[in-house]
There are 2 protein chains.
Amino acid sequence: MPYDPSAFPAFAVTVDLVVLTVRRHSLCALAVRRGEPPFKGRWALPGGFVRSDEDLAAAAARELAEETGLLAHDPTLPVPPNAAHLEQLATYGDPNRDPRMRVVSVAHLALAPDLPAPRPGGDAHSVRWAPVESLLEQDGTFGRDSDLAAPLAFDHARILADGVERARSKIEYSSLATAFCPQEFTVGELRRVYEAVWGVALDPRNFHRKVTGTPGFLVPTGGTTTRQGGRPAQLFRAGGATLLNPPMLRPEV
Amino acid sequence: MPYDPSAFPAFAVTVDLVVLTVRRHSLCALAVRRGEPPFKGRWALPGGFVRSDEDLAAAAARELAEETGLLAHDPTLPVPPNAAHLEQLATYGDPNRDPRMRVVSVAHLALAPDLPAPRPGGDAHSVRWAPVESLLEQDGTFGRDSDLAAPLAFDHARILADGVERARSKIEYSSLATAFCPQEFTVGELRRVYEAVWGVALDPRNFHRKVTGTPGFLVPTGGTTTRQGGRPAQLFRAGGATLLNPPMLRPEV
DNA sequence: GATCATAGTCGTCTGCCTGACGATAATCAG
DNA sequence: CTGATTATCGTCAGGCAGACGACTATGATC
């Protein structure tokens, strides 16, 4: 049944990605440097157009793989070694968000373990991990590293802030924090993920009691490691539970 | 700066609304009967095209007002008498979700008090409140009321299910349940909202202790009412608090 | 008017979970 | 061997939720 295309306004639809990881005890996001106007030379979130026969989730997974080599994790399959959690975040469609044309962007949130390759897909200067605080700093009062001082392109600061807030609240009541960890990890490494994402210090003893006492959260693998120094720690894998009940409690302030 | 429109695929962008209310102790959603193909005669969620100069939230608010006369509630302003809570839900963009063309729909969730007019905007047979269970029933095994037995048009059953799930989880940790109540309400009326949305029975004594003991959740107005029968109950208005800490606990199973 | 049904409100008690924190264990660096 | 570091186990007190008893204030019914 043919339809009159002029009967409705035409939009461009893109996906933008908030890709988060924990590196060196701080929460970092993937940023790409724009090579073309508008906002040429500024940092932005990775993203691109949705193809005409492509689902939104597929477009997000494709962009994620192109930028990082990570696979989106299908919950029905066993977790592949380089899998990331991927979920839809929100959609941004202010008429003036892109000066070129009317663009609606479906933002997605990806959570990934720290990648061995610091420079994943493209060339050196166009992709980087940056601490989210520095990406969200609006004032240009930076010393060195001044190329990061400019705010993100488009409305990407808002999108990044929404993604960070989603991650912060979601690790409270789900086992999603394990998405930041490698396949095998220790309780201490998981605790440092919470500490980095929330920006707080947690009591190691209470944290240990909480996570090991929640059924289905962690499965011991039998191995131990001393890669953090100190006494060897048990290794765990993520258990089947996705919802934590009762939740992890984020300390006040 | 002119851009080549053929450089990217053109999409139609719509907003669809999951409008929920509590009527006669059950959770109901607004449904409209489609007057045109595809899915002519079937029930669907209200919605429509986003205009070329219109923000997504504005389009959702416009559709809500057209269908119900409700105003979207701007959190920075005092609550007008006929205000509804409105928030973005999720975006659905499967390439085959609309047989006519490529449509991306940004679904929104609205929570409204029970409306005095059961037939808000249009004519009698095209708009109705229906219990969400009956709208989500997939099998056609209905007795009477068989026009409701057919599944919702497009992917609207999925969208409705997502909206209901959002509402169910959000009243746990926010004061959003008051959006289902009139401006002044009793603790019992608020409890019946929770019971209808969650589909469970709650202990009136523990519920009363919980909501009256949470600072900022309820503000007594001084008045009382006996509209529910029995002993007169205090009237309250929603307080300023939006996040409940600790949350309301949804009983297991 | 007495009685009953209904709904609201106040208390009590017990068990679980959390936060604070002491103590011990197992490694590595010097 | 000593100290630094990290992991792990225990203890204790306070807070909150679930279960439930008791009382209150209305309208309905006889």
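- If you measure from atom CZ of B/Arg227 to atom C1' of C/dG8, you get 14 Å, rounded to the nearest angstrom.
- Atom CZ of B/Arg158 is surrounded by 12 or fewer heavy atoms from other residues, nucleotides or ligands within 6.0 Å.
- Nearest to the side-chain atoms of B/Gln234 among the listed nucleotides C/dT9, D/dT6, D/dT8 stands C/dT9.
- Partner of A/Leu30 under the side chain to side chain contact (heavy atoms under 4.5 Å, CB included) criterion, chosen from A/Leu135, A/Thr68, A/Leu45: A/Thr68.
- Looking at heavy atoms from C-beta onward, B/Leu109 lies out of side-chain contact with B/Leu86 at the 4.5 angstrom threshold.
- Taking atom CG of B/Leu202 as the reference point, atom P of D/dA17 lies 13 Å away to the nearest angstrom.
- Whole-Å rounding puts the B/Leu249 CG to D/dG15 P distance at 18 Å.
- Within residues 189-198 of chain A, the residues having any heavy atom under 4.0 Å from DNA chain D are, by residue number, A/Arg191, A/Arg192.
- Summarising the geometry, the separation between CG on B/Leu218 and P on C/dG8 is reported as 14 Å, rounded to the nearest angstrom.
- The CZ-C1' distance, from B/Phe236 to C/dT9, rounds to 10 Å in whole Å.
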Letter per nucleotide, 5' to 3', of nucleotides 20-30 of chain C [B base touched, S only sugar-phosphate touched, - untouched; heavy atoms, 4.0 Å]: BBBB-BBB---
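- Side-chain proximity of B/Gln228 to D/dA17, C/dT9, C/dA7: nearest is C/dA7.
- Within a 6.0 Å sphere centred on CZ of A/Arg24, other residues, nucleotides and ligands contribute 12 heavy atoms or fewer.
- Side-chain atoms of A/Asp162 and A/Tyr92, non-hydrogen and from C-beta on, do get closer than 4.5 Å to each other.
- One finds no side-chain N or O of A/His208 lying less than 4.0 angstrom from the OP1 or OP2 phosphate oxygen of D/dA7.
- At least one side-chain nitrogen or oxygen of A/Lys210 sits closer than 4.0 Å to the OP1 or OP2 atom of C/dT18.
- Side-chain N or O atoms of B/Arg168 include one that pairs as donor or acceptor with a backbone N or O of B/Val197 at under 3.5 Å.
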Name the atoms and distances for all side-chain donor-acceptor pairs under 3.5 Å in residues 209-223 of chain B, with sequence neighbours left out.
{"unit_1": "B/Arg209", "atom_1": "NH2", "unit_2": "B/Asn206", "atom_2": "OD1", "d": "3.4"}
{"unit_1": "B/Lys210", "atom_1": "NZ", "unit_2": "B/Pro246", "atom_2": "O", "d": "2.9"}
{"unit_1": "B/Thr212", "atom_1": "OG1", "unit_2": "B/His208", "atom_2": "O", "d": "2.6"}
{"unit_1": "B/Thr214", "atom_1": "OG1", "unit_2": "B/Lys210", "atom_2": "O", "d": "2.8"}
{"unit_1": "B/Thr221", "atom_1": "OG1", "unit_2": "B/Gly223", "atom_2": "N", "d": "3.4"}
{"unit_1": "B/Thr221", "atom_1": "OG1", "unit_2": "B/Leu235", "atom_2": "O", "d": "3.3"}

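- Put simply, CZ on A/Phe207 is 17 Å from P on C/dC17, counting in whole angstrom units.
- At least one side-chain heavy atom of B/Glu67 sits less than 4.5 Å from a side-chain heavy atom of B/Val32.
- Aromatic ring centroids of B/Phe207 and B/Tyr194 lie under 6.0 Å apart.
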